[in-house]
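Notes for the one structure printed next.
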Number of protein chains: 2
Amino acid sequence: MPRAPRQQSCTGCSVERALSLIDGKWKIVILYKLLKGTLRFNELRRLIPGVTQRMLTHQLRELEADGLIVRVVYAQVPPRVEYSLSTRGQSLEPVLLALKQWGDTNLSSQAAKAA
Amino acid sequence: MPRAPRQQSCTGCSVERALSLIDGKWKIVILYKLLKGTLRFNELRRLIPGVTQRMLTHQLRELEADGLIVRVVYAQVPPRVEYSLSTRGQSLEPVLLALKQWGDTNLSSQAAKAA
DNA sequence: GCCCATAGTGTCAAAAAGGATACCGTGATG
DNA sequence: CATCACGGTATCCTTTTTGACACTATGGGC
């Protein structure tokens, strides 16, 4: 998506603004994984098959910039970086759960056909 | 988004599948508008400032293909085409409302700063 | 000395999404 | 006769997003 220019006069609707924060192929999944707790970079990578290192970094950076997640770097070797939801990110829980539940009940192969 | 190729082996997570149905800059907004009832093409267009005719058509077609909305064409002149949520689309209501509420409470200028 | 893991960054190129614009057919309206 | 509204299509072009791949630093293990 040529996503919203990250700053838009927002044509009237809070939904659109909300969307601009969580678009991107991986953001919701990342947030969802983080719901269960803090994760390190490579843990996320393993939890989300298909995401590349670059993409993961990118999305995490944007999520951080939007104040949805918190990034903590431990000055160690090997590096240790932990990601967790910010308060704002946690407030997305209802949305994430609603989405998950919808996916589960409406997208299972059976349900999809029954629809 | 080079969105999910519309058919993916789906690496394990129903959330990802759900996302592939509602990505696109306008889909959620369209669905949200349709929550309140049936709308005609140009009504949608007016309700969603910023969307172009082409985009609206595109997104509506995809939503229809994914079984989230229903398109009814009346053989009249001038043409009359009505869009409404399918049962499946209506089942998205909790998600849409959760998103709207999150947007309202967490993205108002004050809240955004307080975050 | 060589390889591994961690958490990245940088560059390049492909693919997709989105936007602008012009055009279509029809009947009513002026 | 010209124009408008409706619900689109078709085409072209630009911007974004994404993916592939190579490369980095450091300390530990073999």
Side-chain angles (χ1 to χ4, degrees), chain A residues 1-9 11 16 19-30 33-34 38-66 69-84, chain B residues 1-9 11 16 19-30 33-34 38-66 69-84:
Chain A
M1 243 197 258
R3 287 96 171 71
R6 208 120 268 280
Q7 237 13 278
Q8 214 181 14
S9 55
T11 32
E16 296 182 39
L19 284 177
S20 72
L21 300 188
I22 58 176
D23 61 6
K25 202 169 171 181
W26 309 105
K27 284 190 190 169
I28 299 245
V29 184
I30 292 170
K33 300 293 183 191
L34 288 178
T38 298
L39 289 171
R40 300 180 54 175
F41 185 84
N42 274 351
E43 288 177 324
L44 275 169
R45 200 139 80 99
R46 280 187 285 267
L47 283 174
I48 309 176
V51 76
T52 61
Q53 206 165 21
R54 203 185 68 98
M55 271 301 104
L56 186 52
T57 307
H58 253 60
Q59 307 273 295
L60 287 170
R61 292 280 188 272
E62 286 197 12
L63 287 170
E64 191 195 2
D66 288 332
I69 64 173
V70 177
R71 178 167 178 267
V72 181
V73 183
Y74 296 88
Q76 302 180 350
V77 153
R80 175 188 189 81
V81 181
E82 291 189 341
Y83 293 93
S84 54
Chain B
M1 245 197 256
R3 287 93 172 74
R6 206 121 270 280
Q7 235 14 277
Q8 214 181 15
S9 55
T11 32
E16 296 183 41
L19 285 177
S20 71
L21 300 188
I22 58 176
D23 60 6
K25 202 169 171 180
W26 309 103
K27 284 192 191 169
I28 298 246
V29 183
I30 292 171
K33 300 293 182 188
L34 287 178
T38 298
L39 289 171
R40 299 179 55 175
F41 185 84
N42 274 349
E43 289 176 325
L44 275 169
R45 200 139 80 98
R46 280 188 285 267
L47 283 173
I48 309 177
V51 75
T52 61
Q53 206 163 21
R54 199 186 71 101
M55 270 301 104
L56 186 52
T57 306
H58 252 60
Q59 307 273 294
L60 287 170
R61 292 279 189 271
E62 286 197 9
L63 288 170
E64 191 196 0
D66 289 333
I69 65 173
V70 176
R71 178 167 178 266
V72 181
V73 183
Y74 296 87
Q76 301 181 350
V77 150
R80 175 187 188 81
V81 182
E82 292 188 342
Y83 293 93
S84 54

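Each chain gets a letter, A, B and so on, in the order its sequence line appears, and its residues count up from 1. Side-chain atoms are counted along with the backbone in the values below, which use heavy atoms only and exclude waters and symmetry mates.
- The heavy-atom pair separating A/Leu34 from A/Tyr83 by the smallest distance is CD2-O, 3.4 Å.
- We find that NZ of B/Lys27 is positioned 13 Å from C1' of C/dA16, with the value rounded to whole Å.
- Here the P atom of nucleotide D/dC6 and the CZ atom of B/Arg45 are 9 Å apart, to the nearest Å.
- Among the nucleotides C/dG19, D/dA20, C/dG8, the one closest to the side chain of B/Thr52 is C/dG19.
- Closest to the side chain of A/Pro79, from the set D/dG19, C/dT6, C/dG8, is C/dT6.
- Looking at heavy-atom distances under 4.0 Å, A/Tyr74 makes no contact with the nucleic acid at all.
- Rounded to whole angstrom, the span from the CZ atom of B/Arg61 across to the P atom of D/dG8 amounts to 5 Å.
- Closest contact between the side chain of B/Gln53 and the listed nucleotides C/dT6, D/dG19, D/dT9 involves D/dT9.
- Between C/dG19 and B/Lys25, a contact under 4.0 Å exists linking OP1 or OP2 to a side-chain N or O.
- The side chain of B/Arg40 approaches D/dG7 more closely than any other nucleotide in the set C/dG18, D/dG7, D/dG19.
- The nucleotide whose nearest atom lies closest to any side-chain atom of A/Pro78 is, among D/dT9, C/dG8, C/dT6, C/dT6.
- Note: CE (B/Met55) to P (D/dA10) measures 14 Å, nearest angstrom.
- Nearest heavy atom pair, residue B/Lys25 against residue A/Leu19, reads O-CD1, 4.4 Å.
- Distance A/Glu43 CD to C/dG8 C1': 16 Å, rounded to the nearest Å.
- When all heavy atoms of A/Gln59 and A/Trp26 are compared, the closest pair comes out as OE1-N, 3.5 Å.
- In this structure, the nucleotide among C/dG18, D/dG19, C/dA5 sitting nearest to the side chain of B/Gln59 is C/dG18.
- Residue A/Phe41 has its side chain nearest to C/dA7 when only C/dA7, D/dC6, D/dT9 are considered.
- When all heavy atoms are compared, the tightest approach of B/Glu64 to B/Ile69 is N-CG1, 3.6 Å.
- The interatomic distance linking A/Leu60 (CG) with C/dA7 (P) rounds to 11 Å, in whole Å.
- Rounded to an integer number of Å, the gap from A/Glu64 CD to C/dA7 P is 15 Å.
- Between the CZ atom of A/Arg71 and the C1' atom of C/dT9 there is a distance of 12 Å, given to the nearest Å.
- The minimum heavy-atom distance linking A/Met55 with A/Val51 is given by the pair CB-CG2, 3.9 Å.
- Among the atoms of the strands shown, base atoms are found under 4.0 Å from some heavy atom of B/Arg54.
- Comparing B/Val77 and A/His58 along DNA chain C, the residue whose closest nucleotide (by nearest heavy atom) sits nearer the 5' end is A/His58.
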